[in-house]
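Note sheet for the following structure.
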Amino acid sequence: MASAFRIALIQLAVTANKVENLTRASKLISEAAKSGAKIISLPECFNSPYGTKYFPEYAEKIPGQSTESLSKAAKDNEVFLVGGSIPEEDNGKLYNTCTVYNPKGEMIAKHRKIHLFDIDIPGKFKFKESDALSPGNTLTVFDTGFCKVGIAICYDIRFAEIAQLYCKQGCGLLLYPGAFNMTTGPAHWEILQKARALDNQLYVAAISPARDETASYIAWGHTSAVNPWGEVIAKANHEEKIVYADIDLAYMNEVRQQIPLQHQRRHDLYQVL
Ligand SMILES: *[C@@H]1O[C@H](CO)[C@@H](O)[C@H](O)[C@H]1NC(C)=O
Ligand SMILES: CC(=O)N[C@H]1CO[C@H](CO)[C@@H](O)[C@@H]1O
């Protein structure tokens, strides 16, 4: 199996009309596949505006309209497709859920956001995801044949332990569909990707929706990919765009040899279980 392959990160412009946006996503997936991408990812909440008041209205069962459209896009284009996330309804509860498809269109993973974004700064800013959503309780790794890939959603990137566990399980690439806002975006979006990449000496990519200035929650955009040396190797500004990045596992192994963190851990003093 080739040690280098291309991924595509789709910074989709998401608005209120679900059907048109699904069609738009499918079109961009096919464009990315034609440009040689083997793994393609959509952003967090790609079929719905981001906000607790929208989740009940846009939520779907899995399988449902949005995930069937993803399965078809993966199969038609013969790619691994990471379906960003959608609000999922299951048994009366809502989740922020990412589904993953193989090139035959079969769902091979389903990941529910683990850490919900609950912020309340009195008089300033309030966003309480847990008003509408329930948390997921499992970590998610899938194998592509190119490398193992770990998934987590948005706020989850702030919890270094998840990335460490994914690294321990042999991942070469971590994908974080996410939507940081206009404050946390410029402050933390890129540095968190670099931190997770450097700690674990692997590739990290974060996939945001394009910015919509008229939305109630304004996304920072800046979908990007970082290599195991901590360098940004591809990035968008805030408009709709497909970001391509080449993942080179031979390079990853070189970095791991140059700075042999993996062999020098003091498991007698600390351990991520
Ligand atoms: C973005 O979120 C942070 C809390 O995580 C909050 O302090 C800030 O006010 C928000 N910014 C905007 C522009 O909404
Ligand atoms: C990216 C994209 O095609 N977005 C569309 C989503 O649906 C709304 C409403 O129909 C359109 O205005 C957007 O252009």
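Each ligand, and each atom within it, is numbered from 1 in the order the structure gives. Given the structure is predicted, the values throughout are model-derived calculations rather than measurements.
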- Message: Give me the nearest non-hydrogen protein atom to atom 11 (N) of ligand 1 as residue plus atom name, then the distance to 0.1 Å.
- Response: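 The closest heavy atom on the protein side is T183 OG1, 2.7 Å.
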- In terms of residue, atom name and distance, what is the protein heavy atom nearest to atom 10 (C) of ligand 1?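 Going by distance alone, atom 10 (C) of ligand 1 is nearest to N181 ND2, 2.5 Å.
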Taking atom types as modelled, find out whether [X] and [Y] have a side-chain donor-acceptor pair closer than 3.5 angstrom.
X: T52; Y: Y54; answer: no
X: H188; Y: R158; answer: yes
X: E89; Y: Y58; answer: no

- Item | Presence of salt bridge, E106 and K75, under 4.0 angstrom |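 Not counted as a salt bridge, because no side-chain N and carboxylate O are separated by less than 4.0 Å.
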Which ligand 1 atoms does [X] reach within 4.0 Å, using its non-hydrogen atoms?
X: I119; result: 4 (C), 5 (O)
X: I121; result: 7 (O)
X: F117; result: 5 (O)

- Task: Return yes when Y217 approaches ligand 1 closer than 4.0 angstrom through a heavy atom, no otherwise.
- Result: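 No, that is not the case, since the closest heavy atom of the residue is not under 4.0 Å from the ligand.
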- Message: Quick check against the 3.5 Å criterion: does E44 have a side-chain atom that pairs as donor or acceptor with the backbone of A179?
- Response: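 Yes; at least one donor-acceptor contact below 3.5 Å.
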- Message: Which residue in the set F117, W189, W220 passes ring pair (Phe, Tyr, Trp, His ring centres under 6.0 Å) when paired with F180?
- Response: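 Single pass found, and it is W189.
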- Message: Below 3.5 Å, N or O to N or O, backbone or side chain included: is there any such pair between T184 and ligand 1?
- Response: no
